[in-house]
Amino acid sequence: MRVSPQTLLEGVVRTLHDQVLPHLESRPARGQPWAAIDVLRNLGGRIEPAIAALDEEARSAAHALGTLVVQLREVGEVASAAEIERRLAEAPAAPASAHTEALRAALVDAFARLDALPAERADALRPLLGGHLAAQAVRDLSRLQPSLLEEISRG
């Protein structure tokens with residue numbers, strides 16, 4: 001049986017918090033486990049991206065690209081619409097990281113295709129993809145965990 005890195009880190013954090021900290025009396029000694037807890041909590045999201053976060057990003061990207069395809073067809077950009085549809089269809093279903101990477105690449109390609117259009121037309125279509133990017137930035141920021149420095153300073 002393999003334990004995921006996220007589960008392992010959560011176990012170490014729980015052990016430090018529940019088993020080690022209550023037995024430490026001095027402030028300097030208590031500061032060390034708090035610092036380790038802070039590092040471990042922030043490290044977890046960087047080691048193994050959460051599948052739910054990748055799925056959410058992929059759904060948003062696929063929706064934005066699908067909306068762009070519809071709009072491209074309406075303005076007569078059938079070849080670009082077909083190519084974006086092809087990339088969407090060829091994105092691997094699993095693992096979630098590969099699926100999301102394929103959709104990110106499709107977004108880059110879609111922006112390049114928009115750049116090749118007349119400026120007025122491209123400017124009208126870019127917000128369809130920009131909405132996804134803005135929402136993704138908010139999602140990414142919401143997953144950041146605050147530092148435990150305040151708790152560490154309390155001892």
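Side chains included, hydrogens not; waters and symmetry mates left out as well; all remaining heavy atoms used.
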Exercise. If you round to the nearest 0.5 Å, how far is OG1 of T67 from CG of L125?
Worked result: 11.0 Å

For this session: Please list all pairs passing the side chain to side chain donor-acceptor pair (under 3.5 Å) test where one or both residues lie in residues 123-133, with sequence neighbours left out.
Result: S60-H132, D115-R126, D123-R126

Seminar exercise, completed: Closest heavy-atom pair, L16 versus A36, reported as atoms and distance to 0.1 Å, is CD1-CB, 4.0 Å

Problem set entry | Nearest heavy atoms of A96 and I51, plus distance in Å | CB-CG2, 4.0 Å

Exercise. When rounded to the nearest 0.5 angstrom, what distance separates OG1 in T100 from CZ in R59?
Worked result: 10.0 Å

Show the atom names and distances, to 0.1 Å, of all donor-acceptor pairs under 3.5 Å that link a side chain in residues 72-83 to residues at least two apart or in another chain.
from : atom 1 : to   : atom 2 : distance (Å)
R73  : NH2    : E85  : OE1    : 2.2
E77  : OE2    : R121 : NH1    : 2.9
E83  : OE1    : R86  : NE     : 3.1
E83  : OE2    : R86  : NE     : 3.2
E83  : OE2    : R86  : NH2    : 2.3

Exercise. Would you say R14 has more than 12 foreign heavy atoms packed within less than 6.0 Å of its CZ?
Worked result: no

Exercise. CD/E57 to CG/L103 distance, rounded to the nearest 0.5 angstrom?
Worked result: 8.5 Å

Exercise. Can you name the nearest heavy-atom pair linking A106 to R87, along with the distance?
Worked result: CA-NE, 3.7 Å

Problem set entry | Donor-acceptor contact below 3.5 Å, side chain N42 vs main chain D38 | yes

Exercise. Is it true that V12 and L9 fall in one hydrophobic cluster, defined by side-chain heavy atoms closer than 4.5 Å?
Worked result: yes

Exercise. Any idea which heavy atoms bring A29 and P33 closest together, and the distance?
Worked result: O-CD, 2.8 Å

Seminar exercise, completed: All heavy atoms of A110 vs all of I84, minimum pair found to be CB-CD1, 3.9 Å

For this session: Please check if L54 and L65 belong to a single hydrophobic cluster, counting links between Ile, Leu, Val, Met, Phe, Trp and Tyr side chain heavy atoms closer than 4.5 Å.
Result: no

For this session: Could you grab the distance from atom CG of L68 to atom NE2 of H63, nearest 0.5 Å is fine?
Result: 11.5 Å

For this session: Please answer whether the main-chain N or O of L21 pairs with a side-chain N or O of R30 as donor and acceptor at a distance below 3.5 Å.
Result: yes

For this session: Determine which pairs satisfy salt bridge (Lys or Arg N to Asp or Glu O under 4.0 Å) with at least one residue from residues 15-25, sequence neighbours left out, and list them in order.
Result: none

